[in-house]
Amino acid sequence: HNILEPSEIGKTVIFGEFVKNFYESAKLLISNKAAFQIRDEKEFYDSVRILLQDAGLRDAMGKRARDVVVNSRGATDRNLKIISEILKNA
């Protein structure tokens, strides 16, 4: 599953602690306060309850999640250009 798909449409994401396959995306979402990373069932229920009770927080987190995705677009192209320049000068 891809945590950026719901983020792209402005939805807050809740995910567990095992994020090996999408570590960088998870780190970006957490550092931008756009997702909840939970460790157990209680944290899951607490996160869901908070989101259901606080529409302002839910909307703000969703907007930040979408912003993370939008601001990350083109990262591969930017990185390839940097690598290409490094290789040219090597």
Side-chain angles (χ1 to χ4, degrees):
H1 299 290
N2 184 336
I3 62 173
L4 292 181
E5 289 173 354
S7 299
E8 186 171 21
I9 59 171
K11 301 300 178 189
T12 303
V13 182
I14 301 172
F15 51 84
E17 58 189 317
F18 303 107
V19 293
K20 184 175 101 175
N21 292 338
F22 48 93
Y23 174 78
E24 290 300 322
S25 298
K27 190 169 133 181
L28 272 174
L29 290 169
I30 293 297
S31 68
N32 283 280
K33 298 180 184 343
F36 286 108
Q37 186 170 24
I38 56 147
R39 292 177 300 219
D40 57 33
E41 187 175 323
K42 182 184 180 328
E43 286 185 3
F44 172 75
Y45 286 115
D46 289 346
S47 298
V48 170
R49 185 177 32 75
I50 288 166
L51 290 172
L52 290 174
Q53 291 176 346
D54 191 337
L57 175 66
R58 184 176 60 239
D59 293 344
M61 289 181 77
K63 182 186 179 320
R64 288 192 297 265
R66 176 150 171 62
D67 290 347
V68 165
V69 174
V70 168
N71 293 332
S72 297
R73 287 189 179 138
T76 301
D77 288 338
R78 289 191 299 273
N79 288 333
L80 287 174
K81 286 179 184 176
I82 291 169
I83 292 168
S84 179
E85 286 301 315
I86 292 169
L87 291 174
K88 282 182 192 176
N89 297 321

Closest non-hydrogen atom pair between Gly62 and Thr12, with its separation:
N-OG1, 3.4 Å
Looking at every heavy atom in both Ala65 and Ala34, which two are closest together, and how far apart are they?
N-CB, 3.4 Å
Just jot down the side chain to side chain donor-acceptor pair (under 3.5 Å) partners of Glu43, sequence neighbours excluded, or say none.
Arg39
Would a distance-only check, ignoring hydrogens and angles, find a side-chain to backbone donor-acceptor pair under 3.5 Å from Gln37 to Phe15?
no
Just wondering, are more than 12 heavy atoms of other shown residues or ligands nearer than 6.0 Å to CD in Glu17?
yes
Side-chain hydrophobic cluster, 4.5 Å single linkage: members besides [X]:
{"X": "Met61", "value": "Ile14, Phe36, Ile38, Phe44, Tyr45, Val48, Ile50, Leu51, Leu52, Leu57"}
{"X": "Phe18", "value": "none"}
{"X": "Ile9", "value": "none"}

Give every residue pair that meets the side-chain hydrogen bond (donor to acceptor under 3.5 Å, both in side chains) criterion with at least one member in residues 20-29, sequence neighbours excluded.
none
Is any side-chain heavy atom of Ser7 closer than 4.5 Å to a side-chain heavy atom of Val68?
no
Is the shortest heavy-atom distance from the side chain of Leu4 to the side chain of Val13 under 4.5 Å?
no
Interatomic spacing from NZ in Lys11 to CZ in Arg66 - rounded to 0.5 Å:
11.5 Å
Restricting to side chain to side chain contact (heavy atoms under 4.5 Å, CB included), what partner residues turn up for Asp67, sequence neighbours left out?
Lys63, Asn71
